[in-house]
Amino acid sequence: MTASEMPKDDEAASRSASNPSTLAGYEGCADDYAETTAPKPDADDQPALVELLKALEPGSRLLEIGSGPGWDADWLKERGLIVRRTDGAESFVQFQAGRGRQAERLDVISDPLGGPYDGVVALHVLQHVEREILPAVFARIAEAIRDGGVFLLALREGEGESVEIGSTGSEYYVALWPRSEIIAALAALGLGLLWSRSFDGREGCWLTALFRKGALR
Ligand SMILES: C[S@@+](CC[C@H](N)C(=O)[O-])C[C@H]1O[C@@H](n2cnc3c(N)ncnc32)[C@H](O)[C@@H]1O
């Protein structure tokens, strides 16, 4: 996908999109997505990753869900963290292999997550998990984090669901969530909010938030 081909909201689209249709879309666009999202050489504006780094000891072990091209994993590895890179799309696993990074195929909905880890990272991924499935996915993520470990999440903020259509016709499922619901759902699993920020991106509003297991307040 080039920038002009990124998924676009299509109010008229029916609820035919799903996580599998989304993954099928990503299978066809890893190179273009990577090019569109590649870090700028002089850009070091990564507030969420900086917060994550502050919350962990050097050498901490992370699971990254939906690594995509692996740009965030690169940033974290360069700063002393150990990242297990995973993605549900083989295209991204191969993209990372092509630049010498080891990534594994892992579907967050159906595959064992392993662990316990010092932290789990899921940035711009779980909006693609169907609304009714996300609570169970959150529960499995919480189980995969050790006590005192952290969870970094970026999710679409809002209400309802939408279907975004790529230029090749792929249908990307997107669920939007009210901030309060996300924070309450994770609190119920023992994940207390440490830090959060909302920002308007190209596709809409994103909530980025860092949680610590056992740090409820
Ligand atoms: C918008 S991209 C985000 C990639 C990267 N985390 C980033 O922030 O640029 C969404 C990613 O979620 C992955 N994904 C979607 N559904 C998934 C699933 N069920 N299990 C694992 N990864 C999934 C896609 O393959 C894609 O890499």
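As the structure lists them, so they are numbered: ligands from 1, and atoms in each ligand from 1. Throughout, residue positions are numbered sequentially from 1 according to the sequence presented. Just so you know, these numbers use all the heavy atoms, side chains as well, and skip hydrogens, waters and symmetry mates. Only a predicted model underlies this, so the values are computations on that prediction, with no experimental measurement involved.
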Task: Minimum-distance pair of heavy atoms, taken over all atoms of Phe92 and Gly68 - done: CD2-C, 3.3 Å

TODO: Answer with yes or no whether the side chains of Ser67 and Arg101 bring together a donor and an acceptor at under 3.5 Å.
DONE: no

TODO: Measure up the Tyr26 and His128 rings against each other and bin them: parallel (under 30°), tilted (30 to 60°), perpendicular (over 60°).
DONE: perpendicular

Task: atom 16 (N) of ligand 1 - nearest protein heavy atom and its distance - done: Asn19 ND2, 3.0 Å

Open item on the list: Quick check on contacts: which atoms of ligand 1 are under 4.0 angstrom from a heavy atom of Phe92?
Closed with: 25 (O), 26 (C), 27 (O)

Task: Shortest reach to atom 5 (C) of ligand 1 by a heavy atom, considering only Gly66, Ala122, Cys29, Pro20 - done: Gly66

Task: atom 15 (C) of ligand 1: the protein heavy-atom neighbour that sits closest, reported with distance to 0.1 Å - done: Leu23 CD2, 3.6 Å

TODO: Just jot down the ligand 1 atoms closer than 4.0 angstrom to any heavy atom of Leu106, in number order.
DONE: 20 (N), 21 (C)

Open item on the list: How far is atom 1 (C) of ligand 1 from the closest protein heavy atom, and which atom is that?
Closed with: Tyr26 OH, 3.1 Å

TODO: Could you identify which residues cluster with Leu176, counting Ile, Leu, Val, Met, Phe, Trp and Tyr as linked when any side-chain heavy atoms lie under 4.5 Å apart, either directly or through a chain of such contacts?
DONE: Val174

TODO: List the closest protein heavy-atom neighbour of atom 12 (O) of ligand 1: residue, atom name, distance to the nearest 0.1 Å.
DONE: Val125 CG1, 3.5 Å

Open item on the list: Do Arg179 and Trp177 form a cation-pi contact, if we require the NZ or CZ to be under 6.0 Å from the six-membered ring centre and within 45 degrees of the ring's axis?
Closed with: no

Open item on the list: Do Leu81 and Leu56 have side chains that approach each other closer than 4.5 Å (heavy atoms only, starting at C-beta)?
Closed with: yes

Open item on the list: For Trp206, does the six-membered ring have the charged nitrogen or CZ of Arg197 within the cation-pi criterion, i.e. under 6.0 angstrom from the centroid and within 45° of the normal?
Closed with: no

Open item on the list: Is it the case that atom CD in Gln102 sees more than 12 heavy atoms from other parts of the structure closer than 6.0 Å?
Closed with: no

Open item on the list: Quick test: of every protein heavy atom, which one is nearest to atom 20 (N) of ligand 1, and how far off is it to 0.1 Å?
Closed with: Val108 N, 3.0 Å

Open item on the list: Just to verify, what does Glu181 make a side chain to side chain donor-acceptor pair (under 3.5 Å) with, not counting sequence neighbours?
Closed with: none

Open item on the list: Checking the side chain of Arg212 only, and the main-chain atoms of Phe151 only, is there a donor and an acceptor separated by less than 3.5 Å?
Closed with: no

Task: Minimum-distance protein heavy atom relative to atom 25 (O) of ligand 1 - done: Asp87 OD1, 2.6 Å

Task: atom 10 (C) of ligand 1 [closest protein heavy-atom partner, distance rounded to 0.1 Å] - done: His124 O, 3.3 Å

TODO: Tell me which part of Ala154 gets within contact of ligand 1: side chain, backbone, both or neither, using heavy atoms under 4.0 Å.
DONE: neither

Task: Closest candidate by heavy atom, reference atom 21 (C) of ligand 1, pool Ala89, Ser91, Gly88 - done: Gly88

Open item on the list: I'd like to know if Tyr33 contacts ligand 1, where contact means a heavy-atom distance under 4.0 Å to any ligand atom.
Closed with: yes

Task: Pro69, any N or O under 3.5 Å of ligand 1 N or O - done: no

TODO: Check whether any heavy atom of Asp107 sits under 4.0 Å from an atom of ligand 1.
DONE: yes

